[in-house]
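Lettering follows sequence order; numbering is per chain, from 1. None of these values were measured; they are calculated from a predicted model.
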Number of protein chains: 2
Amino acid sequence: MSIKVAIQGELGSFHHEAASRLFGADVAVSACATFREVFASVEQEVIGLTAVENSLYGSINEVYDLLEKHRHQIFAEIELSIHQNLIGLVDRRPSDDIREIYSHHVALAQCENYLEQHFPKAERIEFEDTAAAVRHIAELGRPDAVAIAGRAAAELYPTTKILAAKIEDNPVNFTRFIAIAPPSAIKKLPTINQPNSTPKSSIILTTSHRAGALYQALGVFDRHQINLTKLQSRPIIGQKWRYKFYLDFEANAAETAQVIADLRGLGNEVVLLGNY
Amino acid sequence: MSIKVAIQGELGSFHHEAASRLFGADVAVSACATFREVFASVEQEVIGLTAVENSLYGSINEVYDLLEKHRHQIFAEIELSIHQNLIGLVDRRPSDDIREIYSHHVALAQCENYLEQHFPKAERIEFEDTAAAVRHIAELGRPDAVAIAGRAAAELYPTTKILAAKIEDNPVNFTRFIAIAPPSAIKKLPTINQPNSTPKSSIILTTSHRAGALYQALGVFDRHQINLTKLQSRPIIGQKWRYKFYLDFEANAAETAQVIADLRGLGNEVVLLGNY
């Protein structure tokens, strides 16, 4: 069965690269402008692939909120080493000023110190996607407009080239992507190149109102000697200054079921987002 | 002594309203385009006031990162009930299409469902500040361009009016602001109208590498019966998938010192951001 993968961004984006790694180079991708559109596209024959956090930028809160809203199941994850490049026109002269810098807001944030140092006055213009930003400057054809994107995007357009490579503020720059599908489709998924051998689970935890509820909830993981790899808080909408927590932890399906039962036994609400 | 308050945004912004509530209506504000500029402006005679989280949007990660970088001390906090409005030209006719919606990205996010329902095709254009977005549409003078901002901004410009009031997606919409100053200036601060009677502290906690380190750290608060009001994780730059935690808790200066000593005793790193 050939399956389509909805990604945020177009050909040449980091999402496209992640999809190729996970599902093979001939993967059929469906380009979406926003994370919201990726989640809305997921159905029986369409799975989704979305970035969820970057090691410089942090969590992509919008994706966490969409995970709660749509309740698709996470069935795989993959991380990519990310290198950002300053990309301009091939016929640009070194003397040409740079006035406009186009990219996705996460990519702009990853290069903030570089941009502040080299182009303090240039306008940063947020674009839906890094690869789309390169297409845009190719179409503009103006030497004062540049983009920030991966190498694949620069190679896709014959009129663009890399002006400066690896401009991210810190070389330890990784993005973690998750693959999502409707719960009913989980059993007929395509084969994936899962590089991660330790099984992992993701849950949403809403603690009871009791004092120390989060401390007691973390005690469950401690008792089962389960390694918590991530804890991200998000506001509970409609309740001022109350939070829910997105947790990732290393556990197989049986351990995950036990942890969830124990957490619920303490009066917490738990939603399983996937065991993968 | 008259003191200046650096705020993100201009006259008529929510930051301006928060500054007036905390320091009095005649407060002298210095308008900054970005959070980064607010933090850079803070010095002996200039304090800063910045939003740190919103009950619909969540934490403003950039502000947390700037708190760690600059190490200014938090000396007060205030929360505002936020109502967003769709603002257009006074001479706009009901039949005029709306094609462009200008506002700060946090305000756009607070009204996302409303915008999706009423103006799915209109372009959302991010602006530095809600009040600046209103000034911009007043200058444009085009009936197809509107802004999202507070009532004060609409009233500031004679050519603009509120087209739709309270368009935020949830009525429980609050923003929490903090006042910051250099540690050396803390003793000569202006009198504030501090509405919060329970003393609070903010710290950055970097846990030791031990398994269960976060659980053990939260045990310190449990033993001292100290109420944790917030826990926000942020990536540690340069260390893949490791996190530090921003914690807020209710404690006076003596209790805070005890908690910090106990946390350090367990091998954690702690930075005190303020007791207020």
Straight-line distance of T198(A) OG1 to N252(A) CG, nearest 0.5 Å:
11.0 Å
Given heavy-atom pairs under 4.5 angstrom as the criterion, report whether the side chain, backbone, both or neither of F221(B) touches chain A.
neither
Heavy-atom proximity to chain B below 4.5 Å, by part of N54(A):
backbone
Which atoms of E53(A) are under 4.5 Å from chain B, going by heavy atoms: the side chain, the backbone, both sets, or neither?
both
What class does the angle between the rings of Y102(B) and F127(B) fall in, given that below 30° is parallel, 30 to 60° is tilted and above 60° is perpendicular?
perpendicular
Ring-plane angle category for Y246(B) and Y64(B), please: parallel below 30°, perpendicular beyond 60°, tilted otherwise.
perpendicular
Inspect the surroundings of NZ in K230(A) and state if more than 12 heavy atoms from other residues, nucleotides or ligands are less than 6.0 Å away.
yes
Quick check for you: among F174(B), F245(B), W241(B), which has the greatest number of heavy-atom pairs under 4.5 Å with chain A?
W241(B)
When the 4.5 angstrom heavy-atom criterion is applied to Y243(A) and chain B, the contacting part is side chain
Would you mind telling me which of A109(B), G238(B), G58(B) has the largest number of heavy-atom pairs within less than 4.5 Å of chain A?
G238(B)
Give, as side chain, backbone, both or neither, the part of R36(A) having an atom under 4.5 angstrom from any heavy atom of chain B.
side chain
Apply the test side chain to side chain donor-acceptor pair (under 3.5 Å) to residues S59(A) and Q232(A): give CA-CA distance (whole Å), side-chain angles for both, the deciding distance (0.1 Å), then the verdict.
CA-CA 8 Å; S59(A) 294; Q232(A) 177 66 48; 2.7 Å; yes
Specify which of N170(B), N173(B), D65(B) makes the most heavy-atom pairs with chain A at under 4.5 Å.
N170(B)
Which of I236(B), L231(B), N61(B) touches chain A most, by non-hydrogen pairs under 4.5 Å:
L231(B)
Honestly, the part of N227(B) sitting under 4.5 Å from a heavy atom of chain A is neither
With respect to chain A, which residue among R176(B), Q216(B), H105(B), Q239(B) yields the maximal number of heavy-atom pairs within a distance under 4.5 Å?
R176(B)
Take the angle between the ring planes of F177(B) and H15(B) and call it parallel below 30°, perpendicular above 60°, tilted in between.
perpendicular
Full working for side chain to side chain donor-acceptor pair (under 3.5 Å) between N113(A) and Q117(A):
CA-CA 6 Å; N113(A) 295 341; Q117(A) 196 188 331; over 6 Å; no
Most heavy-atom pairs under 4.5 angstrom with chain A, which of L228(B), I226(B), L218(B)?
L218(B)
Rounding to 0.5 Å, atoms CD1 (I101(B)) and CZ (F119(B)) come to a distance of 6.0 Å
